[in-house]
Amino acid sequence: MPELPDVELFKQYIDATSLHQKIDTVTVKNETILKGITAGNLKEKLEGKTFNCSRRHGKFLFVCIDTTSWLALHFGMTGFLKYFKRMEKESDHARLLFSFTNGYHLAYDCQRMLGKIQVIEDIAQFIKKKNLGPDPLDPDFEIDTFRRQLDGRKGMIKPTLMNQQIIAGIGNIYSDEILFQAKIHPKQAVSDLSNEKIENLFRHIRSVLESAISYHADPEKFPEWFLLPHRHKNGNCPKCHTTIKKITVSQRSSYYCPNCQKQ
């Protein structure tokens with residue numbers, strides 16, 4: 001499932017390919033992905049307009065439509081974007097297609113159709129309505145903000161990191177990586193974390209997410225000391241060479257090093 005680093009890369013992709021280009025036609029190939037708007041209304045909203053800028057919050061990408069409203073994109077488990085010129089290059093599961101007057105196209109591909117696209121007027125109101133927590137790469141997300149988000153929590157740390165109402169953007173894969181780098185067991189109770197561990201966790205949230213973006217969210221490009229390239233059956237810890245263990249935490253598969261991440 002696309003997590004914060006993936007969506008940040010989608011944002012950069014939109015910025016590099018599709019901004020300030022006039023939209024000629026909008027083709028909705030499957031209305032299942034639309035939320036709160038019909039295919040006809042979406043065409044009316046977008047055709048003849050341009051995408052002026054983009055923003056991201058957690059796993060949501062927002063693209064401004066002629067400064068008047070925003071296209072909100074969520075990518076579900078399998079969503080991604082593809083910019084191309086010749087129609088034979090169209091992705092296999094394109095659900096929405098923007099065709100620009102320069103002859104290029106932008107496809108929203110979502111094989112399992114769990115993603116959603118809608119038009120909104122105000123991002124802040126959208127975030128409030130969704131009850132999304134702060135974005136961990138927002139400059140305003142500081143250690144005091146993180147402490148407040150954890151205050152009073154009694155559950156395990158991994159599902160807490162993945163709770164979009166507490167912090168927006170972290171999913172199953174990067175919660176494992178963050179906890180590995182911070183040397184914290186995924187089942188560690190939040191209420192038992194010392195101030196030192198909370199500060200260490202806060203630092204690694206930002207460093208892991210920023211590193212993932214810089215390495216294009218590609219595990220094959222990650223440094224050897226990251227867990228992600230070894231996050232599989234019979235993988236070994238890149239720090240101590242202990243066999244990585246797989247457990248279930250809140251119904252999600254979790255990988256950790258039993259030596260480096262003692263409970």
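All values below were derived from every heavy atom in this structure, side-chain atoms included, with hydrogens, water molecules and symmetry-related copies excluded. If you read the sequence from its start, that first residue is 1, and numbering goes on from there.
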Nearest heavy-atom approach of Gln149 to Pro134 is NE2-CD, 3.4 Å

Can you label the angle between the Phe202 ring and the Phe141 ring as parallel, tilted or perpendicular, going by 30° and 60°? tilted

Are Val28 and Ile117 joined in one hydrophobic group, where the rule is that I, L, V, M, F, W and Y side chains link up if heavy atoms are under 4.5 Å apart? yes

Starting from the C-alpha separation in whole Å, work towards a yes-or-no answer on salt bridge (Lys or Arg N to Asp or Glu O under 4.0 Å) for Arg95 and Glu31. CA-CA 8 Å; Arg95 308 302 182 186; Glu31 288 198 49; over 6 Å; no

So for atom OH, which belongs to Tyr215, do other residues, nucleotides or ligands contribute more than 12 heavy atoms lying within a distance under 6.0 Å? no

Please check if any side-chain donor atom of Ser99 sits under 3.5 Å from a side-chain acceptor atom of His105, or the reverse. yes

For the pair Arg206 (side chain) and Pro136 (backbone), establish whether a donor and an acceptor sit closer than 3.5 Å, ignoring hydrogens and angles. yes

ILVMFWY network linking Ile65 to Phe100, side-chain heavy atoms under 4.5 angstrom: yes

Side-chain contact, heavy-atom cut-off 4.5 Å: Pro186 with Ile247? yes

Flag the pair Tyr83 / Tyr104 as yes when their ring centroid distance falls below 6.0 Å, and as no otherwise. yes

Heavy-atom check, side chain of Ile213 versus side chain of Leu9, under 4.5 Å: yes

Atom CD of Glu47 with >12 non-hydrogen neighbours under 6.0 angstrom: yes

Any chance you could lay out the side chain to side chain contact (heavy atoms under 4.5 Å, CB included) test for Val119 and Leu46, step after step, and finish with the verdict? CA-CA 10 Å; Val119 175; Leu46 288 170; 5.8 Å; no

Are Asn30 and Thr32 linked by a side-chain donor-acceptor pair shorter than 3.5 Å? yes

Do the non-hydrogen side-chain atoms of Thr242 and Cys260 ever get within less than 4.5 Å of each other? no

With side chain to side chain contact (heavy atoms under 4.5 Å, CB included) as the criterion, how do Arg55 and Trp70 come out once you've worked through the C-alpha distance, each side chain's angles and the decisive distance to 0.1 Å? CA-CA 10 Å; Arg55 285 179 56 186; Trp70 296 83; 3.9 Å; yes

Return the minimal non-hydrogen interatomic distance between Pro219 and Ala217, and the atom names on each side. CD-O, 3.5 Å

Taking every non-hydrogen atom, the tightest pair across Lys59 and Leu4: CG-N, 4.4 Å

With distance as the sole test, does Asp109 use its side chain to make a donor-acceptor pair with the main-chain N or O of Leu81 at under 3.5 Å? no

Neighbour count above 12 (heavy atom, 6.0 Å) for Lys49 NZ: yes

Are Lys239 and Phe180 in a cation-pi setup, meaning NZ or CZ lies under 6.0 angstrom from the ring centre and within 45 degrees of the ring axis? yes

Is the side chain of Asp135 donor-acceptor paired with the backbone N or O of Gly58 at a distance under 3.5 Å, no angle test? yes

Between Lys89 (side chain) and Arg86 (backbone), is there a donor-acceptor pair under 3.5 Å? no

Would you say Glu88 has more than 12 foreign heavy atoms packed within less than 6.0 Å of its CD? yes

Do Phe51 and Phe98 come close enough that some side-chain heavy atom pair is under 4.5 Å? yes

Look at the side chain of His57 and the backbone N and O of Ala124, then say whether any donor-acceptor pair between them is shorter than 3.5 Å. no

Indicate yes or no: at least one non-hydrogen side-chain atom of Cys257 is less than 4.5 angstrom from one of Cys240. yes

Joint hydrophobic cluster, Ile23 plus Ile33, side-chain heavy atoms closer than 4.5 Å: yes

Lys22 side-chain N/O to Thr101 backbone N/O, donor-acceptor pair under 3.5 Å: no

Hey, are the side chains of Ser91 and Phe80 touching, using non-hydrogen atoms and a 4.5 Å cut-off? yes

Does the pair Ile14 and Leu106 meet the rule for a side chain to side chain contact (heavy atoms under 4.5 Å, CB included), with working shown? CA-CA 9 Å; Ile14 282 269; Leu106 177 70; 3.5 Å; yes

Minimal non-hydrogen separation, Ala94 against Ala107, with atom names: CB-CB, 4.0 Å

Quick one: sort the Phe75 and Phe10 rings into parallel, tilted or perpendicular, breaks at 30° and 60°. tilted

Nearest-0.5 Å distance, CD of residue Glu210 to OG of residue Ser207: 7.5 Å

Any Lys/Arg nitrogen of Arg147 or Asp144 sitting under 4.0 Å from an Asp/Glu carboxylate oxygen of the other? yes

Within the distance-only criterion (no hydrogens, no angle test), does the side chain of Asp192 pair as donor or acceptor with the backbone N or O of Ala189 below 3.5 angstrom? no

Residues in ring pair (Phe, Tyr, Trp, His ring centres under 6.0 Å) with Phe60, at least two apart? His74, Phe126

Among residues at least two apart in sequence or on other chains, which ones pass ring pair (Phe, Tyr, Trp, His ring centres under 6.0 Å) with His185? Tyr256

Any salt bridge between Lys82 and Glu90, counting N to O under 4.0 Å? no

Below 4.0 angstrom, N of the basic side chain to O of the carboxylate: do Lys11 and Asp15 qualify? yes

In one Ile/Leu/Val/Met/Phe/Trp/Tyr side-chain cluster, 4.5 Å: Leu71, Val26: yes

Under a single-linkage definition using a 4.5 Å side-chain heavy-atom cutoff for Ile, Leu, Val, Met, Phe, Trp and Tyr, are Leu150 and Leu137 assigned to the same hydrophobic cluster? yes

Spacing of NE2 belonging to His216 relative to NZ belonging to Lys221, to within rounding of 0.5 Å: 5.0 Å

Determine whether a donor-acceptor pair (N or O, by modelled atom type, separation under 3.5 Å) exists between the side chain of Thr78 and the backbone of Gln111. yes

Within-4.5 Å side-chain heavy-atom neighbours: Asn52 and His20: yes

Side chains of Leu179 and Leu201, heavy atoms from C-beta outward: is any pair under 4.5 Å? yes

Glu121/Lys45 salt bridge by N-O under 4.0 Å criterion: yes

Go through Asp140 and Thr145 one step at a time and tell me if the side chain to side chain donor-acceptor pair (under 3.5 Å) criterion holds. CA-CA 8 Å; Asp140 293 332; Thr145 309; over 6 Å; no

Okay, side chain of Thr38, backbone of Asn41: is any donor-acceptor separation there less than 3.5 Å? yes

Throw together a table of side-chain donor-acceptor distances under 3.5 angstrom for residues 155-178, partners on residues two or more places apart or in other chains.
unit_1	atom_1	unit_2	atom_2	d
Lys158	NZ	Asn172	OD1	2.6
Lys158	NZ	Asp176	OD1	2.7
Lys158	NZ	Ser253	O	3.4
Lys158	NZ	Ser254	OG	2.8
Thr160	OG1	Met156	O	2.7
Asn163	OD1	Gln165	N	2.9
Gln164	OE1	Gly169	N	2.7
Gln164	NE2	Met162	O	2.9
Gln164	NE2	Ile170	O	3.0
Gln165	OE1	Asn131	ND2	3.2
Asn172	ND2	Ser253	O	3.1
Ser175	OG	Gly171	O	2.9
Ser175	OG	Asn172	O	2.9
Asp176	OD2	Arg231	NE	2.9
Asp176	OD2	Arg231	NH2	2.8
Asp176	OD2	Tyr255	N	3.0
Glu177	OE1	Leu227	N	3.0
Glu177	OE1	Leu228	N	2.7
Glu177	OE2	Gln181	NE2	2.8
Glu177	OE2	Leu227	N	2.9

